[in-house]
Amino acid sequence: MHIHSNIVLFYLHVYVFFLYLIMLLIAKTFVAVIMAAERSQNESLPASASPNPAMASCRRKKNEQATFLEDLKDHIDEFIHASMDEHKTCFQKTIKKMFSMSKVVAERNAESAAGVESSLPLQTTVSD
């Protein structure tokens, strides 16, 4: 029974790993599409026109006393009425935050693995 649970755990890890890879591929593809759209938009704009900079990107709670449903309604309204620049900026910040968080976790794991070195005394016996 112990072997069966190890196999299930192994396949679960493989499944999570592939989900992570798929998320990375989707994120990279989305960023590439955004960058291509931005390039084509900049090429079509005259030199004198400058695109509007994105306003405050990525949502923050407006009212701390708001109920969950009120907060959700505000969030949906902001999302619907946000410009493409705001969506793009927020998405880029979110992706950067995700990668920086994964980098921090990896560094912490590397530090903890390096700090837990174990050594056993070497014993040699000589037999005649």
Side-chain angles (χ1 to χ4, degrees):
M1 196 55 112
H2 179 66
I3 294 173
H4 178 67
S5 64
N6 284 340
I7 292 172
V8 170
L9 188 61
F10 170 76
Y11 282 116
L12 181 64
H13 282 97
V14 169
Y15 179 73
V16 170
F17 175 73
F18 280 114
L19 284 177
Y20 178 72
L21 287 178
I22 290 169
M23 285 177 30
L24 284 177
L25 282 171
I26 290 170
K28 285 184 178 184
T29 304
F30 192 79
V31 169
V33 167
I34 288 175
M35 298 302 273
E38 184 178 47
R39 266 186 264 129
S40 67
Q41 183 182 15
N42 287 341
E43 291 171 0
S44 67
L45 287 176
S48 63
S50 62
N52 292 338
M55 295 165 65
S57 297
C58 297
R59 181 179 191 285
R60 286 177 181 74
K61 197 168 186 176
K62 287 183 180 178
N63 183 1
E64 293 299 321
Q65 276 75 33
T67 65
F68 173 76
L69 291 176
E70 290 171 341
D71 189 46
L72 182 63
K73 181 187 175 297
D74 287 341
H75 183 70
I76 292 171
D77 287 343
E78 284 181 14
F79 183 83
I80 291 171
H81 295 99
S83 69
M84 186 59 192
D85 285 338
E86 290 173 318
H87 284 299
K88 182 180 74 171
T89 305
C90 183
F91 180 76
Q92 289 171 340
K93 284 182 180 181
T94 303
I95 295 297
K96 285 178 185 176
K97 190 185 298 185
M98 280 177 27
F99 284 117
S100 67
M101 290 172 73
S102 65
K103 184 179 177 184
V104 167
V105 170
E107 288 173 355
R108 284 184 191 161
N109 289 342
E111 289 173 3
S112 66
V116 182
E117 290 185 28
S118 63
S119 61
L120 298 173
L122 180 61
Q123 295 180 348
T124 37
T125 55
V126 179
S127 59
D128 289 73

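Note that this is a predicted model, so its numbers are computed, not measured. Side-chain atoms are counted along with the backbone in the values below, which use heavy atoms only and exclude waters and symmetry mates.
A single hydrophobic cluster is not seen to contain both Ile76 and Phe79; linkage of ILVMFWY side chains at heavy-atom distances under 4.5 Å, directly or through other members, places them apart.
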Cut-off 3.5 Å, no hydrogens considered: what does the side-chain donor-acceptor table look like for residues 12-29, sequence neighbours left out?
| residue | atom | partner | partner atom | Å |
| --- | --- | --- | --- | --- |
| His13 | ND1 | Leu9 | O | 2.8 |
| Thr29 | OG1 | Leu25 | O | 2.7 |

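Here the side chain of Gln92 pairs no donor or acceptor atom with the backbone of Thr89 at under 3.5 angstrom.
Partners of Lys73 by side-chain hydrogen bond (donor to acceptor under 3.5 Å, both in side chains), not counting sequence neighbours, listed by chain and number: Asp77. In this structure, the ring-ring contact (aromatic ring centres under 6.0 Å, His included) partners of Phe91, at least two apart in sequence or on a different chain, are Phe30.
How far CD of Glu70 is from CD of Gln65: 10.5 Å, rounded to the nearest 0.5 Å.
Residues Asp85 and Lys88 are in side-chain contact: their nearest non-hydrogen atoms beyond the backbone lie under 4.5 Å apart.
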